[in-house]
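Before any comments, here is the structure.
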Amino acid sequence: MGNLTVDQVTNIRITIKIIEDEVLELEIRERELLERLHLLQDSIACKRALVENLKNSFVPVNRLPNEILLTCFGQAVQDWLEENDGVDESVIVDQIYDDSEAREAEVSDLESDFEWPRSPAFTISHVSHHWRELAIHTPSLWTNLIITPAFERHLDVFRDFLYRVHNLPISANFRSFGWDGSLSSNGVLLMEAIMPLILAQQITALTLLNSGPVLSSLLSQLVEQPVDVRGLASPSVAFSRLSVLCIFRLKAFHDPKKLSFTHLRRLLSATPQLQTLELQICASVTHEEDADKTAISLPMLENLTVVEYNPFLRKFLASLYAPEVRQLKLLRWNMEEDDPSYLFAHNDGFLKVPRLPKVWNLTLSFYSDDDALDAKIISAFPRVTHFTLHNPCLEKMPGSPPPTFQCLQHLTMDYAFVNVYSNLRSCFTWLPAPADQATPLQICIFDSSDLMLAKEEKLKDTHLFRHYKELQRYGKLDRSSIGLDEFVRWQADGEPEI
């Protein structure tokens, strides 16, 4: 610059200014062209979408009335619920683990990998504009919520789901929030999002699977109310319309506070309209003495499932007043160590009467194949017409003569033929005699066990066929029974040697 004259410097500056002005004009023109390009691209996209919509009008499914489409959507959601909602028996009767670090690590891994189960309603709402409008404005498609920790990372989506429900009743299924401990910060926000619906009594079905922190939060906010001047706790009205309550594999709450019998009593006292109750509470919970000796009254309860034998649940059954229970399941029950006196109540004359007198559908699943069907259990259910028995040890019951299920119409047996006896006489004396049956007893046998080795299959089949031969004395074998065709051939060919 030192060699340039004043005129040269002036000319350079003028040139720079001219070029900058030209660049500015070009940039303005570029923006205008880009805007026109975007408009053209949007126009092209709209035209293409219109063409696709016009083409789709020829597709038969898009000529269906909205009513039929909504019926199909509803069936898709129902099929998905049957597959994913609730808890299947393989989960609720799973072996209860101790507090080993390996098991805690396994549970942690399962929880971290637990994916957000997308309802078909969510998928349907992303197929087309028409389907999205139908799905979003149909609240019944969004009333069944499977809530997992994955929703903690999708709070906005979760809130959208809750908004789409409007004022319809909701079934809330909390899954895999942990054995114990407390909710995360996002978990607290998730509970805050759903709490208005709980307080509005929109939750009519509640399931908790491995979700102790969720139940702890509900208890602290809704059930454990301060006592009044009379020393009585005012029950929450948030669960007054709850008809279904399922709590599975609950171990404990955050230390030092754990689930107590008082907690359970307060929770159930807030559910006067409960019709279905399913409980699996592990034995690691506290067993402090309950000062309240009144019965746990559930006057509308019809379906009751209790999983995992332990003193806590046995005490619950002994305290329960539910005269309308029709279907009862006692799963993984240890009859070898237990006196089933909790199935009876005393009247003023100290006479034992059945605690659940109207049960007609009974399912028993024994803790091991050493448990035998107790005569007292049979006496506790005089009206049973449908009986399902898992993993029994078919011993001859003490007493002469043993009681029988006089009203029995259907018998289903499902167990491992491991500890069975060659002499089956008197093993089925709890069945009504054919002469006492108005219609033949329907009998179905399954074997869902994989405990038998291949070399034991012949022995297993022989015992199975001998069961069939004995059961033929009491009723009619259902065609769906395992190995029934082989049994017919076995009868024709003669009994094989062991």
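We count residues from 1, following the sequence as given.
- Between the side chain of Ser220 and the backbone N or O of Ser216 there is at least one donor-acceptor pair closer than 3.5 Å.
- Thr71 places a side-chain N or O within donor-acceptor distance of the main-chain N or O of Glu67, the cut-off being under 3.5 Å.
- Using a cutoff of 4.0 Å between basic side-chain nitrogens and carboxylate oxygens, Arg332 and Glu308 are scored as salt-bridged.
- Contact of the Phe239 side chain with the Ile198 side chain is registered, since non-hydrogen atoms from C-beta on lie closer than 4.5 Å.
- Residues Pro382 and Cys407 come closest through the heavy atom pair O-SG, 3.7 Å.
- Scored by the side-chain hydrogen bond (donor to acceptor under 3.5 Å, both in side chains) test, Thr412 finds no partners at all (sequence neighbours excluded).
- Inter-residue side-chain proximity for Val306 and Leu331 is flagged as unmet; no heavy-atom pair is nearer than 4.5 Å.
- Tested against Leu277, the residues Thr271, Leu268, Asn303 include a single side-chain contact (heavy atoms from CB on, under 4.5 Å) partner, Leu268.
- Here the CG atom belonging to Leu274 is positioned 9.5 Å from the CE atom belonging to Met300, to the nearest 0.5 angstrom.
- Using cut-offs of 30° and 60° on the angle between ring planes, the pair Trp142 and Phe161 is tilted.
- Between atom CZ of residue Phe174 and atom CZ of residue Phe248 there is a gap of 15.5 Å, rounded to the nearest 0.5 Å.
- Side-chain atoms of Thr148 come within 3.5 Å of backbone atoms of Ala150 as a donor-acceptor pair (strictly under, hydrogens ignored).
- In this structure, the side chains of Tyr474 and Leu411 stay at 4.5 Å or more apart for every pair of heavy atoms.
- Closest non-hydrogen pair, Ala322 versus Leu356, comes out as O-CD2, 3.5 Å.
- Ring pair Trp430/Phe387 is perpendicular by interplanar angle, where above 60° counts as perpendicular and below 30° as parallel.
- For the pair Ala380 and Pro354, the tightest heavy-atom approach, listed with the atom from each and the gap, is O-CB, 3.2 Å.
- At a threshold of 4.5 Å between non-hydrogen side-chain atoms, the residues Trp80 and Ile146 count as touching.
- When all heavy atoms of Arg473 and Pro434 are compared, the closest pair comes out as O-CG, 2.9 Å.
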Problem set entry | Test side-chain contact (heavy atoms from CB on, under 4.5 Å) applied to Asn173 and Arg175, step by step | CA-CA 6 Å; Asn173 188 327; Arg175 307 182 70 156; 2.9 Å; yes
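- Here the OG1 atom belonging to Thr138 is positioned 10.5 Å from the CG atom belonging to Leu168, to the nearest 0.5 angstrom.
- To the nearest 0.5 Å, atom CE of residue Met195 and atom CD1 of residue Ile203 are 9.5 Å apart.
- Checking each of Leu304, Leu320, Leu245 against Leu298 for a side-chain contact (heavy atoms from CB on, under 4.5 Å) leaves exactly one that passes, namely Leu320.
- Proximity of the aromatic rings of Trp131 and Phe73 is defined here by a centroid distance below 6.0 angstrom, and this criterion is met.
- Counting heavy atoms from C-beta outward, Leu206 and Val244 have side chains that stay 4.5 Å or more apart.
- Checking side-chain atoms of Ser319 against main-chain N and O of Phe316 turns up no donor-acceptor pair under 3.5 Å.
- In terms of heavy-atom proximity, Val77 sits nearest to Ala121 at CG2-N, 4.1 Å.
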For this session: Would you please test Val325 and Lys358 for side-chain contact (heavy atoms from CB on, under 4.5 Å) and show each step?
Result: CA-CA 6 Å; Val325 171; Lys358 294 185 179 181; over 6 Å; no
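- Partner Leu408 forms a side-chain contact (heavy atoms from CB on, under 4.5 Å) with one of Leu431, Thr385, Ile443 and no other, that one being Leu431.
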For this session: With side-chain contact (heavy atoms from CB on, under 4.5 Å) as the test, would you mind laying out the steps for Asn361 and Val384 before giving the verdict?
Result: CA-CA 6 Å; Asn361 192 326; Val384 168; over 6 Å; no
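- Leu70 is not listed as a side-chain neighbour of Ile68, based on a closest heavy-atom distance of 4.5 Å or more.
- Using a distance-only test at 3.5 Å, with no hydrogens or angles considered, no donor-acceptor pair links the side chain of Ser125 to the main chain of Ala135.
- Here Lys476 pairs with nothing under the side-chain hydrogen bond (donor to acceptor under 3.5 Å, both in side chains) rule; sequence neighbours left out.
- Taking Gln201 as the reference, Ser240 meet the side-chain hydrogen bond (donor to acceptor under 3.5 Å, both in side chains) condition, with sequence neighbours excluded.
- Using a 4.5 Å heavy-atom threshold, the side chains of Thr388 and Leu362 count as separate.
- Minimum interatomic distance between Arg383 and Pro357 (heavy atoms only, all atoms of both residues): CD-O, 3.5 Å.
- At least one donor-acceptor pair under 3.5 Å links the side chain of Arg355 to the backbone N or O of Phe344.
- Interatomic distance, Leu242 CG to Thr204 OG1, rounded to the nearest 0.5 Å: 7.0 Å.
- Side chain of Ser269 to main chain of Arg266: a donor-acceptor pair is present (N/O by atom type, distance under 3.5 Å, no hydrogens or angles).
- Side-chain N or O atoms of Arg326 include one that pairs as donor or acceptor with a backbone N or O of Glu324 at under 3.5 Å.
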For this session: Verify side-chain contact (heavy atoms from CB on, under 4.5 Å) between Leu313 and Leu279, making sure each step is shown before the conclusion.
Result: CA-CA 8 Å; Leu313 292 176; Leu279 292 176; 4.2 Å; yes
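- Remark: Cys246 SG to Glu278 CD distance equals 4.0 Å, nearest 0.5 Å.
- Counting heavy atoms from C-beta on, the side chains of Val165 and Pro139 never come closer than 4.5 Å.
- In this structure, Gln202 contributes its side chain and His166 its backbone to a donor-acceptor pair below 3.5 Å.
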